[in-house]
Amino acid sequence: MFTMALDEVMEMAARRGFFWQGFRDVYSDAPAGLWVYGPLGVKMKNKVIELWREKIVRREEGVELDSTCISPGSVFEASGHTKHFNDKLVECLKCHRRHRADMLLEEQAGLTGLEGLSEEELYKLIVEKMVKCPYCGSSEFSEVRRFNLMFEMRIGATGKDIAYLRPETTQSSVVEIRRLQQIARNKLPLVICQVGKAFRNEISPRHGLIRTREFNMAEVQIFFDPEYPDYDNKFESVRKYRLRFLPAYAREAGEVVEMTCEEALEEGYTINKLVTYWLALYQKLMTEDYGFPLEKVRYYELNEHERAHYARAHWDLQIYSEDLGWVEVVNNAYRTDHDVIGHSRLSGRELKLYSEKRKQSIVPHMYEPSIGIDRLILHLLLLNYRREGERVVEKLPRRLAPIDVAVFPLVNKPELIKAASEIYGTLLEDFEAFYDESGSIGRRYRRMDEIGTPVCVTVDYQTLEDKTVTLRDRDTMAQVRVHVDELKTAIKRFIAGEPLEKLGTPMG
RNA sequence: GCGGCCGUCGUCUAGCCUGGUCUAGGACAUCGGCCUCCCGAGCCGGUGACCCGGGUUCGAAUCCCGGCGGCCGCACCA
C-alpha cells in the first residue's frame with residue numbers, strides 16, 4: 001500500500017531527522033511500533049502542540065493537566081477497559097479467523113457465566129462441546145489466548161499491585177475533575193486539556209507512525225451539565241459554518257454530506273450546541289490552522305456496533321491521502337456520564353461538579369475530541385510533500401516548519417561569512433534559525449526546501465555596502481531585499497502569513 | 001497473530017542461482033577541501049553496508065534452519 005510519496009516522505013523523515021523506527025539501528029530484534037522523534041521532529045511536534053494550545057486550550061479557556069502514564073489498576077476497572085480490553089480469543093486453524101472464546105460457547109453450547117474461567121478451562125470446553133467455526137465450520141482451534149491491548153505492570157516490591165500504562169489520557173482527567181473544578185473556581189462547562197503519551201499493545205503495528213505501540217495524544221475533555229450545555233453564545237459564532245459529514249446512513253454512497261451547524265443541530269444529528277460547536281472548532285483547526293484542504297477532511301460517523309463501549313455518538317475526523325486513504329486523526333466521542341459514573345461506582349466517591357445554574361452538584365456528561373499527534377505530523381508531511389522535477393519541497397504551514405529561517409553567505413568569503421554569522425546570532429534570539437556555508441547556494445536552498453524551512457536569508461556583497469540581505473520564499477523561490485534592521489520583523493510577518501512581496505523590494 | 005513476497009553503505013543497487021579473487025563494487029546523498037556573485041554545478045579526498053543467531057563447509061553476503069523486521073492480504077483497531 002506504500003506508494004511513492006509516502007515512501008519518499010518516510011525516507012526523508014528518517015534521513016533528515018524527523019522520525020524513525022527506534023532502536024533498530026543497533027538491535028535488529030527491536031519490536032515494531034516504537035518510533036522516535038529526531039531533532040527536526042521534536043521541533044515540529046512542539047510547534048504542532050503549541051498551535052493546538054493557542055487555538056484550543058487558550059481560546060476555550062481550558063485547564064491543562066499533566067498526569068502520569070502509569071495508572072493504578074482500579075482506574076481501568078472503573079472505566080471498563082480491563083473488561084473490554086481483555087478478550088480471550090481462539091483462532092480457527094482452517095480459515096484463521098479469530099473468535100471470542102466465551103461468545104462461541106455462549107452461542108453454540110448455551111453456556112453462561114464464563115467470565116472467571118481460565119484460558120485452559122475455556123479451551124477444554126471448546127473441545128468438549130465440539131464448537132465449530134461460524135465461518136468455515138471447522139472444529140479445530142488454536143489454544144485460547146488472552147489478548148490484552150493494555151500494557152500491564154506491577155508496582156512495588158511485592159508485585160501484588162497491578163497497574164497499566166494508560167491507553168488514553170482521558171481517565172486521568174476524569175478522576176481529577178473535582179479538584180480541577182475547584183481550582184477553576186466552579187467553572188462549568190469544565191474544559192480539561194491534556195497532552196501526553198498513551199500506550200497500546202497492538203498486534204501488528206503498521207504504516208509507520210499510523211499505528212504504534214506508544215504514541216502522543218492531545219486530548220480535551222469537556223464536562224458539562226447535560227440539561228444546560230450552556231453553549232448558546234459560542235454556537236452563534238459557528239451557526240452558518242458548514243460541517244462535512246459521512247453519516248453512517250450515507251456510507252454506501254461514500255458521498256460527504258455537507259450541512260451547516262444549524263442544520264446538523266436541528267436534525268438532531270449532532271445532539272446539542274456544545275457538541276456541534278466543538279465539531280466545527282476542530283474542523284476549522286484542521287483546515288484553517290493545520291492547513292489541510294477542506295475536501296480532504298471529513299467526519300466519519302461510527303455506527304452503534306463500531307463505537308467504543310463508552311460512546312453514545314462518535315465521529316472520526318479523517319484525513320485523506322492517496323497513499324493511505326481516509327485515516328482517523330481526531331477521535332470525537334460523546335462519552336456521556338460513562339466514565340464519571342464508572343469511577344464513582346468503583347471508588348464510592350461522588351464525582352459531581354457544581355452547577356451554578358441549578359445551585360447543586362450534578363453528574364456531568366463529557367465530550368472528547370482527541371488528536372493523534374503522530375498521525376497528524378505524518379499527514380502534514382505527506383500532504384504537503386511536493387516533488388517538482390528534481391526539487392523536493394515540504395510546503396508545510398509556515399509556523400509548523402521545524403526551522404523558521406536559514407542564513408547563508410552567498411559564497412564562502414571571510415567577510416560574507418562574518419556578516420552572515422552575526423545575523424545568524426541575532427536571529428537565534430527569536431527564531432529556530434539554521435546556518436550553513438557548505439556546498440553551493442543552490443544546494444543549501446534545496447536542503448531547506450526539503451525540510452520545509454519557509455524562508456532563507458542570504459548575505460551577499462551588497463550586504464556589505466548597504467546592510468540589506470535577501471529573503472527567499474520556499475514556495476515561489478522569489479526573493480526580496482530587506483534591511484538588516486527590519487529583518488526580524490519581516491521574518492515574523494512572513495511566518496504569520498504575509499506574502500513576501502510586501503516585505504521588501506523585489507530582486508531582479 | 002495467520003498466509004504470501006522480501007531483507008547488501010543513509011537511499012537505489014552489483015554480487016547470491018553456479019560458495020573462494022568480496023580487505024563487498026557503483027550511483028546519488030552526506031562530510032572535508034578547492035572553486036563558485038543566487039537555486040542539489042564542477043574537480044579532489046573521506047566516512048559508511050552483507051538484519052540477528054545457529055548450522056553445513058577448509059572457506060558463507062552466497063546453501064540450510066530459527067528469530068526479528070518490512071510490504072501486501074486476512075484478523076485486530078476498545
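Fair warning: this is a prediction, and the values are worked out from it, not measured in the lab. Hydrogens, waters and symmetry mates play no part in the numbers below; they use all other heavy atoms, side chains included. Chain naming here is simple, since letters A, B, ... match the order of the sequence lines and numbering starts at 1 in each.
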Q: Determine, for A:Arg472 against A:Asp449, whether the closest basic-nitrogen to carboxylate-oxygen distance falls under 4.0 angstrom.
A: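 The answer is yes: the pair qualifies as a salt bridge.
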
Q: Base, sugar-phosphate or nothing for A:Arg307? Non-hydrogen atoms, less than 4.0 Å.
A: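 Counting heavy atoms under 4.0 Å across all strands, no contact is made by A:Arg307.
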
Q: In whole Å, I'd like the distance from the CG atom of A:Leu6 to the C1' atom of B:C72.
A: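 Computing the A:Leu6:CG to B:C72:C1' distance gives 14 Å.
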
Q: Salt bridge between A:Glu388 and A:Lys395, side-chain N to carboxylate O under 4.0 Å?
A: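 Judged by the 4.0 Å cut-off on N to carboxylate O distance, A:Glu388 and A:Lys395 do form a salt bridge.
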
Q: For B:C65 versus B:U18, give the span between their P atoms, rounded off to a whole number of Å.
A: 15 Å

Q: Looking at the rings of A:Tyr282 and A:Tyr299, which for Trp means the six-membered one, are their centres under 6.0 Å apart?
A: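 Not close enough - the centres of the two rings lie 6.0 Å or further apart.
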
Q: Select base, sugar-phosphate, or nothing to describe what A:Ala30 touches, counting heavy atoms under 4.0 Å on all strands.
A: sugar-phosphate

Q: Please compare A:Ala32 and A:Asn331 by the position of their nearest nucleotide in RNA chain B and report the one closer to 5'.
A: A:Ala32

Q: With both distances kept under 3.5 Å, what pairs with B:A29, Watson-Crick or G-U wobble?
A: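 None - no nucleotide pairs with B:A29, as no candidate has both distances under 3.5 Å.
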
Q: In terms of side-chain heavy atoms, does A:Thr82 have a donor or acceptor partner in A:Tyr164 at a distance below 3.5 Å?
A: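 Distance-only check fails for A:Thr82 and A:Tyr164.
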
Q: Can we say A:Lys418 and A:Glu422 salt-bridge, meaning some charged N sits less than 4.0 Å from an Asp/Glu carboxylate O?
A: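 Looking at A:Lys418 and A:Glu422, the cut-off is met.
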
Q: Between B:G10 atom P and A:Phe19 atom CZ, what is the distance in whole Å?
A: 19 Å

Q: Salt bridge check: are A:Glu168 and A:Arg335 linked by an N-O gap of less than 4.0 Å?
A: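 Yes, this pair counts.
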
Q: Salt bridge between A:Glu450 and A:Arg15, side-chain N to carboxylate O under 4.0 Å?
A: yes

Q: Generate the contact string for nucleotides 34-47 of chain B. Rules: B means base contact, S means sugar-phosphate contact only, - means no protein heavy atom under 4.0 Å.
A: --BBBBBB------

Q: For B:A41 and B:C51, measure between their P atoms and round to the nearest Å.
A: 32 Å

Q: Should B:A14 form a Watson-Crick or G-U wobble pair with both distances under 3.5 Å, which nucleotide is its partner?
A: none

Q: Which nucleotide, if any, forms a Watson-Crick or G-U wobble pair with B:C5, using both distances under 3.5 Å?
A: B:G70

Q: Could I get a table of every N or O pair under 3.5 Å where one atom is in the protein and the other is in nucleotides 49-54 of chain B?
A:
from, atom 1, to, atom 2, distance (Å)
B:C52, O4', A:Ser28, OG, 2.8

Q: Looking at B:C39, which nucleotide sits across from it as a Watson-Crick or G-U wobble partner, both distances under 3.5 angstrom, or is there none?
A: none

Q: In residues 333-344 of chain A, what residues come within less than 4.0 Å of RNA chain B, judged by heavy atoms?
A: none

Q: Quick one: A:Asn303 CG to B:A78 P, roughly how many Å, whole number?
A: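 Between P of B:A78 and CG of A:Asn303: 12 Å.
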
Q: Send over the distance from A:Arg206 CZ to B:G1 C1', rounded to a whole Å.
A: 10 Å

